[in-house]
Amino acid sequence: MQYKLTTPVTREDLAPLRAGDTVLLSGVVYTARDAAHKRLMERLDAGEPLPFPLEGSAIYYVGPTPEKPRQVIGSAGPTTSGRMDAYSPRLLDLGQSIMIGKGKRNKAVKDAVVRNGAVYLAALGGAGALMAGSVKELEVICWEDLGCEAVRRLEVKDFPLTVILDSQGGDLYESGPAAYLASLETKEG
């Protein structure tokens, strides 16, 4: 199935999604990689507010390349999500709803996704120019000293994504290969 979603999202918005579905995401998406996540945790530990609202938010693990003239953003392909595994459960428990990146996640993240009715969506690795085409506006909102890893507020339109982890515990990295192998057995039988 394909779904169109606009941020901020609710648990009810995400409940129908299943691992393997596709999503065209519109609205605000924040960017943050590992260095920014570390700073987010430092702010939380100090009792300080975060630089953006977490409730219903989407965070994209990306460090875009510099934009060229007449571009909103440079190449904006995903980074490996596992580097955020230590931070993601806490952010999900505080209201983040969507994580966007690539690669497998650990058990703590999977449990937090289910516990919070959240989702983990994959962006197309190696297709940074395609992903950049969905970005309509960009604003650096904090930590410019991090360069490409500064936190940005993106306005996106029909950002193409695939559901990897759904709120029911589905994991495309587990179900996908199993379905493929089953299809081979059916063809051979």
Side-chain angles (χ1 to χ4, degrees), residues 1-19 21-34 36-37 39-41 43-44 49-64 72-73 76-85 87-103 105 109-110 112-125 127-128 130-143 148-167 170 172:
M1 295 283 299
Q2 183 174 75
Y3 295 88
K4 284 191 168 222
L5 295 175
T6 301
T7 61
V9 296
T10 64
R11 287 176 80 112
E12 293 74 26
D13 294 332
L14 302 178
L17 302 180
R18 294 294 176 266
D21 288 343
T22 56
V23 172
L24 295 174
L25 186 65
S26 296
V28 173
V29 172
Y30 297 97
T31 69
R33 286 178 46 161
D34 23 334
H37 273 74
R39 290 187 184 181
L40 292 171
M41 295 304 116
R43 277 200 168 179
L44 289 171
L50 295 180
F52 57 88
L54 271 183
E55 193 64 37
S57 68
I59 298 178
Y60 183 26
Y61 309 142
V62 62
V72 174
I73 194 170
T79 195
T80 303
S81 301
R83 296 199 311 254
M84 273 53 74
D85 281 2
Y87 313 113
S88 294
R90 186 174 184 187
L91 294 175
L92 291 167
D93 288 342
L94 291 172
Q96 179 186 354
S97 295
I98 298 173
M99 301 171 290
I100 305 168
K102 68 177 181 181
R105 306 306 298 270
V109 173
K110 291 179 185 184
V113 164
V114 172
R115 180 170 65 245
N116 293 289
V119 294
Y120 168 49
L121 307 175
L124 296 171
L130 170 69
M131 303 311 291
S134 293
V135 178
K136 304 307 176 193
E137 292 180 31
L138 176 149
E139 175 190 4
V140 175
I141 60 171
C142 66
W143 304 318
C148 72
E149 292 194 42
V151 175
R152 291 166 169 77
R153 180 187 185 277
L154 307 179
E155 274 286 339
V156 300
K157 175 78 172 141
D158 293 337
F159 199 52
L161 303 162
T162 302
V163 179
I164 301 297
L165 301 177
D166 65 40
S167 62
L172 188 60

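Model, not experiment: these values are computed from the prediction. Because only heavy atoms are used, hydrogens play no part in the values below, and waters and symmetry mates are left out as well, while side chains stay in. Just so you know, residue 1 is the first one in the sequence shown, and it goes up from there.
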Side chain to side chain, [X] and [Y], heavy atoms closer than 4.5 Å:
{"X": "M99", "Y": "S81", "result": "no"}
{"X": "K136", "Y": "L154", "result": "no"}
{"X": "L54", "Y": "L91", "result": "yes"}
{"X": "P78", "Y": "V62", "result": "no"}
{"X": "L44", "Y": "L50", "result": "yes"}
{"X": "V163", "Y": "L172", "result": "no"}

Any donor and acceptor pair, going by atom type alone, linking the side chain of [X] with main-chain N or O of [Y] inside 3.5 Å?
{"X": "Q96", "Y": "I98", "result": "yes"}
{"X": "T31", "Y": "R152", "result": "yes"}
{"X": "Y60", "Y": "A76", "result": "yes"}
{"X": "D93", "Y": "R90", "result": "no"}
{"X": "D21", "Y": "L17", "result": "no"}

Residue list, side-chain contact (heavy atoms from CB on, under 4.5 Å) with T6, at least two apart or on another chain: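 Here the qualifying residues are S26.
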Using side-chain contact (heavy atoms from CB on, under 4.5 Å) as the criterion, list what pairs up with T79, not counting sequence neighbours.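 Listed in chain order: R33, Y61, R83, M84.
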Modelled atom types, side-chain donor and acceptor of T22 and Y3, under 3.5 Å: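 No, no side-chain donor-acceptor contact under 3.5 Å.
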Modelled atom types, side-chain donor and acceptor of S167 and R11, under 3.5 Å: no
For the residue pair [X] and [Y], what are the closest heavy atoms and their distance?
{"X": "V9", "Y": "S97", "result": "CG2-CB, 3.5 Å"}
{"X": "Y120", "Y": "G103", "result": "OH-O, 2.7 Å"}
{"X": "L40", "Y": "P51", "result": "CD2-CD, 3.7 Å"}
{"X": "Y30", "Y": "P53", "result": "OH-CD, 3.6 Å"}
{"X": "V156", "Y": "L25", "result": "CG2-O, 3.5 Å"}
{"X": "P89", "Y": "D85", "result": "CD-O, 3.1 Å"}

Among all residues two or more places apart in sequence or in another chain, which pass the salt bridge (charged side-chain N to carboxylate O under 4.0 Å, His left out) test with E155? R153
What's the verdict on side chain to side chain contact (heavy atoms under 4.5 Å, CB included) for I100 and L161, showing C-alpha distance, side-chain angles and the deciding distance? CA-CA 8 Å; I100 305 168; L161 303 162; 3.6 Å; yes
